Amino acid sequence: PPRRSSDLVPRLGRLDAVELDRDLIPVLEQRAAGLGELRVHSGDAVAYDFCSLATGPGTLRVVGNLPYNVSTPLIFHLVDQGACLRDMHFMLQREVAQRLAAGPGTAAYGRLGIMVQYRCEVERLFDALQATLRDAIARADGVAASELKREKRSGLRVHGRVGEACPVCGDTVRQVIFADSTLQYC
């Protein structure tokens, strides 16, 4: 979690973070030092008044990598504060994302999806990455090993190395490592 916060600070200039673990707060602040303004609010995000951070109605943007046991209560809490929110973007366990985006008649459809979809537009963004990777793998079938890296890069939306400028969009290519997966984005 600290790494993602320190990646966001220079892009945003200012970032407010809510952190329950008091031992982690100095780590967050140290990693963001000199990158921009990081204001860490000590407290439980499930009980935090997020609207106190908004500059007006519909202005607050919320991002996070939510642990499984906190994701549902936190999302319900944020939806209740919807008047001050502009949008929310989360990295979630696959099962939670499926339940959030599930439609009527599917096995994953239930209370979480119904309650959140009533007040929010829900979109699973990770599926786009999976489709992109599947397309790249399909195009690489039969390609000589020496050409695979170039072919893989051409099929992805990231066309450079981590830390370098993407030649397509110009933004810096960044990397997120979680569990057993690595995601590069720009």
Side-chain angles (χ1 to χ4, degrees), residues 1-9 11-21 40-41 43-138 155-158 166 168-169 171 173-186:
R3 185 72 192 146
R4 288 188 187 90
S5 298
S6 62
D7 284 343
L8 287 172
V9 172
R11 294 178 69 113
L12 302 173
R14 191 189 95 215
L15 177 69
D16 287 280
V18 179
E19 179 56 57
L20 180 61
D21 185 349
V40 182
H41 306 273
D44 184 353
V46 176
Y48 195 82
D49 176 13
F50 284 91
C51 288
S52 69
L53 302 175
T55 57
T59 59
L60 189 64
R61 306 188 85 180
V62 179
V63 297
N65 179 10
L66 306 184
Y68 180 81
N69 62 326
V70 174
S71 57
T72 298
L74 180 57
I75 290 171
F76 279 139
H77 177 66
L78 286 163
V79 167
D80 285 342
Q81 298 184 51
C84 64
L85 297 178
R86 175 176 167 188
D87 53 16
M88 300 180 281
H89 299 270
F90 301 116
M91 185 181 303
L92 300 164
Q93 185 176 22
R94 182 179 304 171
E95 174 191 326
V96 177
Q98 288 171 338
R99 289 186 359 228
L100 271 170
T106 63
Y109 191 62
R111 178 177 174 254
L112 178 61
I114 293 167
M115 299 299 288
V116 174
Q117 290 176 35
Y118 179 74
R119 311 244 327 254
C120 302
E121 181 181 324
V122 177
E123 181 180 358
R124 284 187 61 197
L125 301 176
F126 197 76
D127 284 343
L129 178 63
Q130 289 177 345
T132 300
L133 289 173
R134 273 195 296 275
D135 292 346
I137 290 168
L156 297 174
R157 288 181 177 84
V158 175
C166 174
V168 175
C169 69
D171 201 359
V173 177
R174 301 187 190 299
Q175 178 170 289
V176 176
I177 301 171
F178 56 98
D180 59 353
S181 300
T182 300
L183 170 67
Q184 294 174 341
Y185 64 97
C186 54

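Throughout, residue positions are numbered sequentially from 1 according to the sequence presented. Atoms considered below: every heavy atom in the structure, side chains included; atoms not considered: hydrogens, waters and symmetry mates. Just so you know, these numbers come straight off a predicted model, no measurement behind them.
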Of the non-hydrogen atoms in I75 and V116, which two are nearest, and what is the gap between them?
-> CG2-CG2, 3.7 Å
The single option from V63, V96, L78 passing side chain to side chain contact (heavy atoms under 4.5 Å, CB included) against F90 | L78
Using atom types as modelled and distance alone, determine if a side-chain donor or acceptor of Q117 lies under 3.5 Å from a backbone N or O of L100.
-> yes
Looking only at non-hydrogen atoms, find the nearest pair between T59 and R86 and report the distance.
-> C-CB, 4.0 Å
Take F76 and L112 through the side-chain contact (heavy atoms from CB on, under 4.5 Å) test and state the conclusion after the steps.
-> CA-CA 8 Å; F76 279 139; L112 178 61; 4.0 Å; yes
Given R11 and V9, is the side-chain contact (heavy atoms from CB on, under 4.5 Å) satisfied, shown in steps?
-> CA-CA 5 Å; R11 294 178 69 113; V9 172; over 6 Å; no
If you round to the nearest 0.5 Å, how far is CE of M115 from OG1 of T72?
-> 12.0 Å
Hey, does the side chain of Q98 reach the backbone of R124 with a donor-acceptor pair shorter than 3.5 angstrom?
-> no
Working to the nearest 0.5 Å, report the span between SG of C120 and CG of L85.
-> 7.5 Å
CG of L8 to CZ of R61: how many Å apart, nearest 0.5 Å?
-> 11.0 Å
Work out which heavy atom in A102 is nearest to a heavy atom in A108; give both atom names and the distance.
-> CB-C, 3.6 Å
Within a strict 4.5 Å, meaning less than it, do heavy atoms of the H41 and D16 side chains meet?
-> yes
Hey, does the side chain of H77 reach the backbone of Y48 with a donor-acceptor pair shorter than 3.5 angstrom?
-> yes
Between Q93 (side chain) and E95 (backbone), is there a donor-acceptor pair under 3.5 Å?
-> no
Nearest heavy-atom pair of F50 and Q81: which atoms, and what distance?
-> N-OE1, 2.8 Å
Looking only at heavy atoms, the pair that brings R119 and V79 closest together is NH2-O, 2.8 Å
For V18 and G43, which heavy atoms make the closest approach, and how far apart are they?
-> CG1-O, 3.6 Å
